[in-house]
Amino acid sequence: MFYTLCYWFLCFMLYSFIGYLTEITCCSINNKKLVMNRGFCLGPYLPIYGFSCVIMNLFLAKYNHDLITLFVMSAFVCTVMEYMTSLILEKIFHARWWDYTEKKFNLSGRVCLENSCLFGLGGVVIVRVIHPFVEGIIKSLPLKALFIIAIVLFVIFLVDVIITITTMCQVKIASMKFTAKDATEEISKKVRSEIIKNKALMLHMLNAFPKIELSNRDPLGRIKKYLAKQREEYKKKKEKSRRKK
């Protein structure tokens, strides 16, 4: 059971990364400039692609020899995933992440026929060509290595999701006005900039481990020195705000 979970999680992460590369490549070509911030998360992966690919490989592999059915079912699965993701994100954060209203045969601007067809083709390629290759790589890993890699990636992914969602709530996306209908890049840039500016996590780390001793000659020592400085600045600002009140 644990092996199966680790196996499919690694598949999820690989397909999420492949989806990220595909997304930034297509967007960069369409915009004629390098576009990097296309993900909900901070890392180079798009969970919607990972989930869709895992679902297709789990439930559509039985249609491997029926190209038409595999195409239709893949298009259906991915279209539903895209629509639900758009709806959920908009309901939670009151911001439209992408908009296809300018494309023909769209549904509420959340999905469109063009993308559905591309999803169908992608599903055929993934199930018939890419997954056997991915499966071979993962199954060739020693059992211990597979477990370690899966656990490490899961921790990284979980922390990423928690930080991203927390920061998105803090920046109050609902009150922001975006200039583009497809606001993914704008939202991602805003979240990343807020995380860089927000020192709360670093200050929490320093307060949680006040007796930590690190050499100032190594990178960790410099980090501690920086965090101590930020804590002092934070205290001074807090004291000034109290005096004003």
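By convention here, the first residue in the shown sequence is residue 1.
A continuous path of ILVMFWY side-chain contacts below 4.5 Å connects Leu143 to Trp8, so both sit in one hydrophobic cluster. Following chains of ILVMFWY side-chain contacts shorter than 4.5 Å, one can reach Val54 starting from Phe2, so the two form part of one hydrophobic cluster. No path of Ile, Leu, Val, Met, Phe, Trp and Tyr side chains, each step under 4.5 Å between heavy atoms, connects Ile137 with Val125, placing them in separate hydrophobic clusters. Note on Phe133: it does not cluster hydrophobically with Leu146, by side-chain heavy-atom contacts below 4.5 Å among ILVMFWY residues. Residues Val80 and Leu87 share a single hydrophobic cluster, defined by chaining ILVMFWY side chains whose heavy atoms lie under 4.5 Å apart.
Closest non-hydrogen pair, Ile24 versus Ser28, comes out as O-OG, 2.6 Å. The minimum heavy-atom distance linking Arg110 with Ser86 is given by the pair NH1-OG, 3.1 Å. When all heavy atoms are compared, the tightest approach of Cys6 to Phe147 is SG-CD2, 3.7 Å. The nearest pair of heavy atoms linking Cys53 to Ile126 is SG-CD1, 3.3 Å.
Using a 4.5 Å heavy-atom cutoff, the side chains of Tyr63 and Val127 are not in contact. A 4.5 Å side-chain heavy-atom check between Phe59 and Val77 finds every atom pair outside the cut-off. Ser108 places a side-chain heavy atom less than 4.5 Å from the side chain of Tyr83. Phe12 has its side chain within reach of Pro47: a pair of non-hydrogen atoms, C-beta onward, lies under 4.5 Å apart. By the 4.5 Å heavy-atom criterion applied to side chains, Ile138 and Leu14 are counted as neighbours. Contact check for Val111 versus Asn115: no side-chain heavy atoms found under the 4.5 Å cut-off. With contacts defined as side-chain heavy-atom distances shorter than 4.5 Å, the pair Leu113/Cys117 qualifies. Side-chain atoms of Phe51 and Thr85, non-hydrogen and from C-beta on, never get closer than 4.5 Å to each other.
With rounding to the nearest 0.5 angstrom, the CG atom of Leu60 is 9.0 Å from the CD1 atom of Ile55. Within the model, atoms CG of Leu5 and CG of Leu10 stand 11.0 Å from one another, a figure rounded to the nearest 0.5 Å. Taken to the nearest 0.5 Å, the CG atom of Leu46 stands 12.0 Å off from the CD1 atom of Ile18. Once rounded to the nearest 0.5 Å, the distance linking OH of Tyr45 with OH of Tyr20 reads 10.5 Å. If you take CE on Met73 and SG on Cys78, they are separated by 11.0 Å, rounding to the nearest 0.5 Å. To the nearest 0.5 angstrom, Met13 atom CE is 7.5 Å from Ile156 atom CD1.
Within 6.0 Å of CZ on Phe17 lie no more than 12 heavy atoms contributed by other residues, nucleotides or ligands. For Ile68, the CD1 atom is loosely surrounded, since the number of other residues' heavy atoms within 6.0 Å does not exceed 12.
Side-chain contact annotation: Glu114 with Tyr100, donor-acceptor N/O pair under 3.5 Å absent.
No donor-acceptor pair closer than 3.5 Å links the side chain of Thr79 to the backbone N or O of Phe76.
The aromatic rings of Tyr7 and His131 stand perpendicular to each other, their planes meeting at an angle above 60°, with 30° marking the opposite boundary.
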Side chain to side chain contact (heavy atoms under 4.5 Å, CB included) assessment of Met81 paired with Phe119:
CA-CA 11 Å; Met81 284 290 295; Phe119 290 149; over 6 Å; no
